[in-house]
Each structure stands twice: as structure tokens, then as C-alpha cells.
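So the structure is just underneath, and the comments pick up after that.
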Amino acid sequence: MRHIAIIGSGPAGYYTAEACQKQFEGAVRIDIIDRLPVPFGLIRSGVAPDHQSIKAVARRYEAVALTDSVRFVGKLAVGSDVTIPELLSLYDAVVLATGAPADRRLGIEGDDLPGVIGSAAFVGWYNGHPDFADLDPRIADGDVVIIGNGNVALDCARVLAKAPGEFAGSDIVAHAYDRLTQETARSITILGRRGPQQIAMTPKELGELGKLERAAVRVDPADLPPLVSDEGLVPGQRKSVGLLRAFAATPTDKAIPLSFNFFAQPVRIEGAERAERIVVERTRLGVDGAAVGTGEHYAVPADLVITCIGYRTPPIPDVPYDEQRGRFANEEGRIMPGLYCVGWARRGPTGTIGTNKPDGFLVSEAIAADQPAAGAKAGRAGLDALIAERGLDIVTFRGWQKIDLAEIERARAGAPREKFVRVDEMVAASREGTAAANPGQIKAAE
Ligand code: NAP
């Protein structure tokens, strides 16, 4: 029997488990380890709460989790509760699928002022990630500046601009729902350091902004390049730029101005005690498509600054790390003998959820090529012994199913669930008898 440990239970982790099941045709035991008591990583705490159809992919991961060869080991922190060398001694292969949950720093003066937060923190806050439950973003009547022209910037802007009724059917957590329905931003400005044709926003997500009840989306027509130049864009990008042209052509007078400031490179954030304004330099496109400063500066009021400029994978002790790229040092997913990485931890924070699927196959093939025969490692029995010896308190998939049912039971009207946002609440729910209400769904093997 081959023993594989996958660290991280998000899309990259579950696609890897699925690929390994196929690759080794049942002769494999897989432990999916997560530092949280709840699985599914980015699906639960990254995908926007009003994008429930995207979250539905978790059902596919659940089907993998419910097979006998796969086990979920929640609330076990790799690097502190157990180390990488320990896991390498227990498993034939250890695959890091830890994603990129840390914000990249802007690296300008004032980026550490109160009121400047990263998208991992803001998204984690409205999605109920325990690390960000106490974030307390200042929204009431404030000017919000969002930095970056990717889909995460759109998620943040949309959630901030929504009217209370527009959260219907979402699983936004109570603390964020209360704040966002009681407090309204005075303005939202999305800063892009390059131009409309350089955005990394997809048409569906960009189009959603135009349908919001309160957001008056504004694009300065002077920022738009000649229409004919759109012909050189790939179809998706052409559609996105077309939407920006439509916003520029038909300004609305809804309650919250939501402005796109293009060619605006952040220079510094100013404020006496906390962020009050951001100074930007007007840019133009260089020959290589990069932003080039023009020397012209202006200030944008900013009580809250949310940086949406990409993420980093936090290092883990004993794992070679590529500091510049902010991810594990690897060659096509190989880090060192027996140690692999997939998903954002391998290639950085790009692509859709489905992009992680081929990653899983790539790593399962690498494992098969590197280790044609299974070894004689202890696998999950060895991990269980270590967990027992250290008195660690893990949460199994059965425990997650109890949390899941409890969250569904306590949902506010119209919402699919009300997430627990504290680890101790999750652990308590994992121990309760709620699951007996639907015993058919409970995984018997754990
Ligand atoms: P992203 O798509 O890489 O966008 C990052 C943005 O930040 C870019 O516009 C980039 O500008 C800008 N930026 C980077 N450094 C900057 C700096 N120092 N100053 C100013 N701007 C800076 O990243 P993301 O939005 O975090 O999204 C991550 C991935 O998740 C993407 O693949 C995205 O499509 C995906 N995602 C998808 C959805 C969805 O499908 N609904 C939702 C959320 C996220 P430059 O282009 O000039 O570098």
C-alpha cells in the first residue's frame, strides 16, 4: 500500500487526492491534513459568498472525501504540530497544497498604517476565516480605495457596494453582513497601475458591477484607448474592455460612486493616525506594456485601503522556499525526494479553481515516476500514533459533517449556512450529536 499525505484541503488538495486515487488504482491511502477543523480551503474562505454556484464544486471534493482510501485530518498544523521530516518518515509522498493565503505587501510608505488591509484579510473577514474574524474594517461613510485590477478587486468592490437585499442567498457571515448592511461606504475607487486593456478582470465578474443596485460605476472616457485597438485583444479581454467602454458611455447616478482610476500607481499612503489618503503617480504604458511614471501626482481620499495585488504562500520549516516568488522552490512540483507541491503553492496565485485539476495529475504522475513501487512506510497508523503521543485534538471528516449540518441549521432565513468563525466553536460543533439527524451521510470509516 502506498501512503500519501496532502497538506491543505482546498481545490489543489482534493484534485490531487482524486488524481492519486486514479493513478494508483485503489492501492493508496491518502491523508488530507488541514490546520483548520473545516475542509475546502479557498472554496470556503476565498470564493465570494454571493458566488454560490462556484462553491458547489465542494460536492465533488466531498465525494472524494467519502471514499475509504481518503481521510481528512483537520486541526493539525504542519510545521508545528507535526514537522515535514516527520511526515516524510511516515508517508511515501507528501504533497503541499497549502495555497497562497498571505497578502503580498504593497511595499510603499504608509502601507502599515491602520486602515490599510490586504484582500486575504478582507475576504477572509467576510467569508468567516478564523484568522480574520476580528478584522473590524472601517466602512461607515468612508472613502474606500481598492488597489489592483484583478477579480479579487472586483469581489471586494462588489461586496462593499451591495445593498442589503443583494446578499440574499449568499453565505456571508453574520459579523460582515451586519457591518455591511448597517454601514455604507461614501465612495469606492479601484486603482489600476496600467490601463483598461491591461485589466485581469473577467467579463462575468466585471459585468456584475453594472447590475448592482447602488453602485454608480464610473470610467473616465479619456483613459480608454481607441476602439479599433480592442481588435488585438483575445475575446474575453475584448468583452471586459467593452464593458468598461459601456460604463464610460452611460454613467449612472446611483448612491455609491464606484470609480475606476486607471494609470494610477500607488506612491504612498498618508494619514496622522490611520490611512486618510493615498498618493498616486499618473502612469503611461511603456513599450513593454509596463507602467511608467509620468511625474504627475495626485491624492485620492482613503479611509480604508484594500490591496488586491496577489498573494504569497507562507513558508513551512524545512521546506526550500523561493522568497522572490513567494512560493515553495520547486521544479514542476518536485521540491525534494518525497516532497511535492501543487496549485498556488507550486505556481503562484493565478488561474481558476479548475486550473488546479491538471496540477493534481501532474503531481500524481511525478510520484508514480519517482517511486514506481510502494515503500513500507507506516502511513496513517504512524500519524495516529504521533497524534496520540502528543495529545493533539484533531477533527475528522465525520466531525466536519457535524459542523456542516450545524452551520446549515443555524443559517439566517434565505442563507445556505451561517459559518462558525472561531476554531473552538467549530471544534465544539464537531463533537455534538447533530449528525445523528442525518446518519446516512456520515462517513463510517472514521
Ligand atoms: P491578479 O489577477 O493577478 O490581479 C492582481 C492585480 O494587482 C493586477 O491588476 C496587477 O497589476 C495588480 N498589482 C500587482 N502589484 C501591484 C502593485 N504593486 N501596485 C498596483 N497594482 C498591482 O490577482 P487576484 O485578483 O488576486 O486574483 C488571483 C487569481 O484568482 C486570478 O487568477 C483570478 O482570476 C482568480 N479569481 C477568480 C475569481 C472568479 O473567477 N470569480 C474571483 C477571484 C479571483 P499588473 O497587471 O499591472 O501587474
Side-chain angles (χ1 to χ4, degrees), residues 10-12 41-43 45-57 99-111 116-124 126-127 145-159 170 189-209 236-237 239-241 244 260-269 278-286 288-293 300 302 305-313 324-327 343-345 347-356 359:
L42 198 76
I43 300 296
S45 47
V47 172
D50 56 347
H51 282 175
Q52 289 295 313
S53 58
I54 301 180
K55 287 183 190 260
V57 73
D103 280 304
R104 269 191 59 221
R105 280 284 294 272
L106 199 50
I108 60 171
E109 190 187 327
D111 73 354
V116 182
I117 58 178
S119 52
F122 187 63
V123 171
Y126 64 60
N127 265 331
V145 168
I146 295 173
I147 302 175
N149 272 179
N151 281 329
V152 170
L154 286 178
D155 282 348
C156 294
R158 190 179 67 254
V159 165
S170 83
T189 305
I190 301 179
L191 295 185
R193 62 180 169 183
R194 299 191 290 154
Q197 290 184 337
Q198 285 71 43
I199 57 170
M201 297 167 167
T202 43
K204 178 181 161 288
E205 283 65 28
L206 187 55
E208 282 176 82
L209 280 194
Q237 192 72 344
K239 213 167 170 187
S240 292
V241 177
L244 293 174
F260 280 86
N261 277 25
F262 291 108
F263 303 109
Q265 168 81 55
V267 173
R268 67 181 173 277
I269 299 166
I278 177 164
V279 176
V280 300
E281 180 176 12
R282 180 105 184 137
T283 64
R284 58 175 176 77
L285 282 183
D288 58 352
V292 179
V300 182
V305 177
I306 307 174
T307 60
C308 304
I309 58 166
Y311 301 110
R312 289 170 69 82
T313 297
Q324 206 198 338
R325 294 191 170 94
R327 55 174 162 80
W344 283 8
R347 52 173 218 278
T350 57
T352 63
I353 285 157
T355 316
N356 294 299
D359 259 36

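Just so you know, residue 1 is the first one in the sequence shown, and it goes up from there. For ligands, and for the atoms within them, numbers begin at 1 and follow the listed sequence.
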Measuring from atom 34 (O) of ligand 1, which candidate in D103, I108, T307, N151 has the nearest non-hydrogen atom? N151
Taking only non-hydrogen atoms of A200 and a 4.0 Å limit, the atoms of ligand 1 in range are 2 (O)
For R158, check side chain to side chain contact (heavy atoms under 4.5 Å, CB included) against everything at least two apart and list the hits. A48, D50, H51, D155, K162, E208, L209, L212
Below 4.0 angstrom from a heavy atom of I147, which ligand 1 atoms are there? Numbered from 1 as shown, please. 20 (C)
Run the side chain to side chain contact (heavy atoms under 4.5 Å, CB included) check on I147 and I278 step by step: do they pass? CA-CA 10 Å; I147 302 175; I278 177 164; 3.6 Å; yes
Could you tell me whether C308 approaches ligand 1 through its side chain, its backbone, both or neither, with non-hydrogen atoms closer than 4.0 Å? backbone
Determine whether any protein heavy atom is located less than 4.0 Å from atom 23 (O) of ligand 1. no
M201 vs N149, test: side chain to side chain contact (heavy atoms under 4.5 Å, CB included). Steps then yes/no. CA-CA 6 Å; M201 297 167 167; N149 272 179; 3.8 Å; yes
Judged by non-hydrogen atoms, does G192 sit under 4.0 Å from ligand 1? no
Flag: protein heavy atom within less than 4.0 Å of atom 3 (O) of ligand 1: no
Under 4.0 Å from a heavy atom of R104: which atoms of ligand 1 are those, numbered in the order shown and with their elements? 14 (C), 15 (N)
Please write down residue, atom name and distance for the protein heavy atom closest to atom 13 (N) of ligand 1. I309 CG2, 3.7 Å
T352 N/O under 3.5 Å from ligand 1 N/O: no
I need the single residue from Q198, E281, Q265 that forms a side-chain contact (heavy atoms from CB on, under 4.5 Å) with R193. Which is it? Q265
So is P349 polar-close to ligand 1, meaning N/O to N/O under 3.5 Å? no
Under 4.0 Å from one or more heavy atoms of T350, ligand 1 contributes atoms 32 (O)
Going by the 4.0 angstrom heavy-atom rule, the piece of I199 near ligand 1 is neither
Give the atoms of ligand 1, by number and element, whose distance to some non-hydrogen atom of N149 is under 4.0 Å. 6 (C), 8 (C), 9 (O)
I want to know if ligand 1 touches R193 in the polar sense, i.e. an N/O pair below 3.5 angstrom. yes
If we only count N/O pairs under 3.5 Å, is R194 in contact with ligand 1? yes
Heavy-atom proximity to atom 25 (O) of ligand 1 ranks first, among L154, V152, L191, D155, for V152
Proximal ligand 1 atoms for Y311, defined as those under 4.0 Å from one of its heavy atoms: 26 (O)
Of all heavy-atom pairs between W344 and P349, which one has the smallest distance, and what is that distance? CD2-CA, 3.4 Å
When you look for heavy atoms under 4.0 Å from ligand 1, do you find them on the side chain of K204, its backbone, both, or neither? neither
